[in-house]
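Accompanying notes for the structure given below.
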Number of protein chains: 2
Amino acid sequence: MANIEDVARLAQVSKGTVSNVFTQKRNVRPEVIERVLNAAKQLDFKPNYWARTLSMKETRIIGLTMLGEQTKFSQFHLNLMNGVLRVCYEQGYRLLVNTLAAEQQRSFKHWTTDPVDGEIMLDPELDDQRLQRRSPSGPPLVIVGRPAGAFEGQFCCVDNDNTAIAEQVTQYLFDLGHQDILLLNTSRDRTVAVDRLRGYENVVVKAGRSVDQRLCVFKDPSIPSVEYGYQSIHEIWSSGTRFSAVIADSDKVALGVYRAAMELGLSIPGHISIFAFSDDSVFAPEFHPPLSGVSLNAETLGSEAANLLIERIKDNTAPVLRKIVPTSLVIRASCSFCNSNQ
Amino acid sequence: MANIEDVARLAQVSKGTVSNVFTQKRNVRPEVIERVLNAAKQLDFKPNYWARTLSMKETRIIGLTMLGEQTKFSQFHLNLMNGVLRVCYEQGYRLLVNTLAAEQQRSFKHWTTDPVDGEIMLDPELDDQRLQRRSPSGPPLVIVGRPAGAFEGQFCCVDNDNTAIAEQVTQYLFDLGHQDILLLNTSRDRTVAVDRLRGYENVVVKAGRSVDQRLCVFKDPSIPSVEYGYQSIHEIWSSGTRFSAVIADSDKVALGVYRAAMELGLSIPGHISIFAFSDDSVFAPEFHPPLSGVSLNAETLGSEAANLLIERIKDNTAPVLRKIVPTSLVIRASCSFCNSNQ
DNA sequence: CTTGGATATTAAACCGGTTTAATTAAGGCA
DNA sequence: TGCCTTAATTAAACCGGTTTAATATCCAAG
């Protein structure tokens, strides 16, 4: 492909002038502009992205990083990404989906700076390698979720108030008379799991009861969500442990719970009530009975993260912010008063 | 951030040697390697991605382009992207999600080459601007779907055999005795809509009947899928046109059909049978009755596209291929023999 | 007719790497 | 010891843009 010199030669001007025509940073005489644009069209010239980036130090790309191994996007991630994409589109940024994290550290052959102006990181873990490996002079970072311990307050983040949500949900079930509530939490090493457990515990303890560890389950990341819900119910029920309500990590986990409950002859919400920590507004109403859940506003989470990031890209001295995206319980028909005589 | 010269100075070697240490393209004495790596670590040096790209002419990024306006990813796109991502991960590529297409052409201020080694394009349209605007010297392209008319055979593509699928589905419904089948197709300007209509027509015509245009509906891209299914049924039914079976473009469209049917007092599959042109293996079984559909293997579509593209990136003279990803009908309970006395 | 100031243009430096071609150092063999 | 070959290193050129600083051009005012 033709380069800027070819155009300059054909249009009988210097490289600099051609550059000025394209970047519009300095005045160029109209007739010269036309000559340059004609030459460019004739040669099918487009400025080379990499060369431009190298001297401008701006890529107009933002990165979206998720956990290395777990390269699969869920519905939640999808909604979130749609939010990010909308902002990208409005602001003229592109989105780079980064799955190289684990790969990169394998050999210094792949060491490089990231090709982005800033980064959005998903699903922070308790002891997150990605944050530790991060060099302080790198591009701005916004985290979706809560970074753990030492990193808290170090980075901008966008999150739901997961502890409050868990409190609300647990309280809702308590108010319905449920005492033994099974918490099918997400994987133990994610900070969101900690937050939700805390909210659950707060309510249980406040009610003067102690937390039954057998009712606090964490997901094994290698097991699909539906399986997780399905198997957990079977295992726990067959071990003799009883519960009258279940808080499931997501719609899919809840689906597994529905299936297991049906097999065990437990009616919903007659015998057990179910609440999900997510809300798939399209399919949740189709559950039988329709599933109650929490609207997390994943898309807003994504768009806020993108906005915050772009702000920081423009002004790196902007203060470290923590934005909370509001949530709301969506009550459908999967929970009812506790039927005490189990 | 430190650059290669800083490292060279500190390690008392030349730029070239530092480069050789990192690229591993030429031998360097072990003790020198160590000295360089130490210096690099000390200065927190990482090679600049864009400078490297500029001289190597390789970004190890592949682009995923979807329609400009319709920036929302569907479940199908999600599965497809998961397939692409898996291959990216395996092969050490990153994925750039491109929504700039429309933006880019607005002013030549944004004209640049794309920052990718190759591109995957989704949802080709009948008169696709993106293909027309494409310069022949650009990076390799793989299309998911069938490019229209003049562009057919010009590019590698990966696709389902949509005409064959439509034939199978229509034939299946014919065999159940259905004669008046409503086709809720996707938007008119997508090539996949044409292919599916053709398959539908083939079977109808072969059966010696003529195609009723009132039963061939196209989606308005601005309307959400569920609404599309819901409103179409209401409109067509209230216009007096009758049908005993519906082929819906996707699970979501089918969901809208279910809802409308319920409101009209039409039982499924008693009064009308429903078949979807997609298969959400998690939720489709939860429909009441469970929804029959077509497993399109979106993830395979994505991984095959990525493989094909990476092959072409490595060897641009590789032949133009068209890969067909197999599909299968998933029969559940949403269709039954036609109840002729409507 | 100068001079001053604003505007347009250009040559050269720069961004930060890789690669080529030349140079130096080291080892092998007669 | 001297010559040839091979390996390691380096200086300089290059990738293709943008930006800076110097220069050329033009017009108005003195």
Side-chain angles (χ1 to χ4, degrees), chain A residues 1-37 39-40 43-60 108-117 137-139, chain B residues 1-37 39-40 43-60 108-117 137-139:
Chain A
M1 178 167 304
N3 67 19
I4 202 172
E5 287 234 32
D6 300 327
V7 176
R9 205 174 308 123
L10 182 60
Q12 316 239 47
V13 293
S14 71
K15 273 171 63 170
T17 299
V18 177
S19 176
N20 287 333
V21 169
F22 279 92
T23 59
Q24 299 180 317
K25 293 197 176 159
R26 235 164 294 278
N27 282 338
V28 179
R29 289 211 320 278
E31 60 196 87
V32 175
I33 290 183
E34 201 181 349
R35 229 168 55 222
V36 168
L37 288 182
L43 296 173
D44 188 27
F45 166 77
K46 290 176 184 170
N48 182 301
Y49 197 96
W50 316 303
R52 171 174 283 188
T53 292
L54 179 57
S55 70
M56 303 233 281
K57 296 160 179 291
E58 184 200 45
T59 65
R60 294 199 83 79
F108 58 84
K109 198 173 168 181
H110 290 117
W111 273 5
T112 60
T113 57
D114 277 332
V116 297
D117 291 342
S137 53
Chain B
M1 178 168 303
N3 66 19
I4 202 171
E5 287 234 30
D6 300 327
V7 176
R9 205 174 309 123
L10 183 59
Q12 317 238 45
V13 293
S14 71
K15 272 170 64 170
T17 300
V18 177
S19 176
N20 287 332
V21 169
F22 280 91
T23 58
Q24 299 180 316
K25 293 198 177 161
R26 234 164 295 277
N27 282 338
V28 180
R29 288 212 320 280
E31 59 196 89
V32 175
I33 291 183
E34 200 180 350
R35 228 166 59 221
V36 168
L37 288 181
L43 296 172
D44 190 26
F45 165 78
K46 290 176 185 169
N48 181 300
Y49 197 96
W50 298 105
R52 170 174 285 187
T53 292
L54 178 57
S55 68
M56 303 232 281
K57 296 161 178 292
E58 184 199 46
T59 65
R60 294 200 82 81
F108 60 84
K109 200 175 166 181
H110 290 116
W111 273 4
T112 60
T113 56
D114 276 332
V116 297
D117 291 341
S137 54

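Small disclaimer: the values here were computed from a predicted structure and weren't measured. So that the names make sense, note that chain A is the first sequence line, chain B the second, and so on, each numbered from 1.
No engagement by B:V18 is indicated, since no non-hydrogen atom pair under 4.0 Å with the nucleic acid exists.
If you take CD of A:E34 and P of C:dA8, they are 17 Å apart, rounded to a whole angstrom.
Nearest-nucleotide assignment on DNA chain D puts the 5′-proximal partner with B:R29, out of B:R29 and A:K15. Each of B:S55 and A:Q12 has a nearest nucleotide on DNA chain C; the 5'-most of these lies closest to A:Q12. Of the two residues near DNA chain D, B:L54 and B:S14, the one whose nearest nucleotide lies more 5' is B:S14.
At C:dA8, one or more side-chain N or O atoms of A:N27 fall inside 4.0 Å of OP1 or OP2 (strictly under the cut-off).
Rounded to 10°, the helix from C:dC1-D:dG30 to C:dA30-D:dT1 has 60° between the axis fitted to its first five pairs and the one fitted to its last five.
Ring orientation note: the planes of A:Y49 and B:W50 are tilted relative to one another, at an angle of 30° to 60°.
Residues passing the salt bridge (charged side-chain N to carboxylate O under 4.0 Å, His left out) test with B:E58 are B:R60, sequence neighbours excluded. Every side chain to side chain contact (heavy atoms under 4.5 Å, CB included) that B:L10 has, sequence neighbours left out, goes to B:A39, B:Q42, B:L43. Partners of A:D117 under the side chain to side chain donor-acceptor pair (under 3.5 Å) rule, at least two apart in sequence or in another chain, are A:T59. Residues meeting the side chain to side chain donor-acceptor pair (under 3.5 Å) test with A:T53, sequence neighbours left out: none. With sequence neighbours left out, the side chain to side chain donor-acceptor pair (under 3.5 Å) criterion links A:S14 to A:T17. For B:D44, there are no salt bridge (charged side-chain N to carboxylate O under 4.0 Å, His left out) partners two or more places apart in sequence or in a different chain.
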Below 3.5 Å, can you tabulate the donor-acceptor pairs from side chains in residues 27-36 of chain A to any protein atom, sequence neighbours excluded?
| from | atom 1 | to | atom 2 | distance (Å) |
| --- | --- | --- | --- | --- |
| A:R29 | NH2 | A:E31 | OE2 | 3.4 |
| A:R35 | NE | A:A11 | O | 2.9 |
| A:R35 | NH2 | A:A11 | O | 3.1 |

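Once you apply a 4.0 Å limit to the heavy atoms of chain A, the touched nucleotides of DNA chain D run 5' to 3' over D:dG16 to D:dT20.
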